[in-house]
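Report on the structure given below.
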Amino acid sequence: DTEVTQTPKHLVMGMTNKKSLKCEQHMGHRAMYWYKQKAKKPPELMFVYSYEKLSINESVPSRFSPECPNSSLLNLHLHALQPEDSALYLCASSQAGTGGADGYTFGSGTRLTVV
Amino acid sequence: AQKITQTQPGMFVQEKEAVTLDCTYDTSDQSYGLFWYKQPSSGEMIFLIYQGSYDEQNATEGRYSLNFQKARKSANLVISASQLGDSAMYFCAMRDPYSGGGADGLTFGKGTHLIIQP
């Protein structure tokens, strides 16, 4: 299994809602990542997990809360989002904390719209 | 800090022609890794090719090759015999050892929107 699976593929939520994005991989990768990609922009790194330990990105607002329940799963909990948070959210994983020639495997993303 | 520069916002290429997508980078590290990804309109990021800073040979993967000029800090992607299905955004990226937490995230360039015309 060489995939990273993200659910849901599309999500529309109100500014007072609480929702979660999910990411799953079964490649034995021990590093997982969340990226945010606005339209016509490159992906920007939000959070990094290595061996289920979080590396905080201090520029990310607290309304985004990551969680790594185990080495295969990564969640992104969303609360009180703003319309400007509408974007494609990409999950990725890599071997042993650094992506070498095997690279980083990305999921197909969740398109989030905040209304 | 790492920086990736892609100077071609968009390119139009005739089908079957070769195309070169430019990428320059800036880093003070001696060891680094460079990646190219393809992103169709559906959104998924598809890994194309990787070049390590100590690799002596230019990387190749099928129709994709990487023209790596270390002294000039450039890592251009060459697509031979372009096909209609190559139409997509292409991102050059570098492993960022300053992501923190014992794992390296990726820093991306702004991308090039490639359109292959029949």
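Proteins come first, then strands; the chains are lettered A, B, ... in the order of their sequence lines, and each starts at number 1. Nothing here was measured: the structure is a model prediction, and the numbers come from that model.
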* Roughly how far, to the nearest 0.5 Å, is CG of B/Asp96 from CG of A/Leu45? -> 7.5 Å

* A/Gln82 atom CD, neighbour heavy-atom count above 12 within 6.0 Å -> yes

* Asked: So, do B/Phe91 and A/Pro43 sit near enough that their side-chain heavy atoms are less than 4.5 Å apart?
  -> yes

* **B/Ile46 CD1 to A/Phe106 CZ distance, which is reported to the nearest 0.5 Å** => 11.5 Å

* Asked: Taking the six-membered ring for Trp, are the ring centroids of A/Tyr104 and B/Phe47 within less than 6.0 Å of each other?
  -> no

* For atom CD of A/Glu84, decide whether the heavy atoms of other residues, nucleotides or ligands shown that lie under 6.0 angstrom number more than 12. => yes

* Using a cut-off of 6.0 Å, state whether more than 12 heavy atoms not belonging to A/Lys38 lie near its atom NZ. => yes

* In chain order, what residues pass the side chain to side chain donor-acceptor pair (under 3.5 Å) check against A/Gln37, with sequence neighbours excluded? -> B/Gln39

* Top of B/Glu44, B/Met45, B/Gln6, B/Lys110 for chain A proximity - count of heavy-atom pairs under 4.5 angstrom -> B/Met45

* To do: Return yes if some donor-acceptor pair links the side-chain N/O of A/Tyr33 with the main-chain N/O of B/Asp104 below 3.5 Å, else return no.
  => yes

* **A/Glu44 atom CD: more than 12 heavy-atom contacts under 6.0 Å** => no

* Asked: Is it true that atom CD of B/Gln14 has more than 12 heavy atoms of other residues, nucleotides or ligands lying nearer than 6.0 Å?
  -> yes

* To do: Below 4.5 Å from any heavy atom of chain A, which atoms of B/Ser42 appear? Answer side chain, backbone, both or neither.
  => backbone

* Asked: Can you name the closest pair of heavy atoms from A/Pro42 and B/Gly109 and give their distance?
  -> CB-O, 3.1 Å

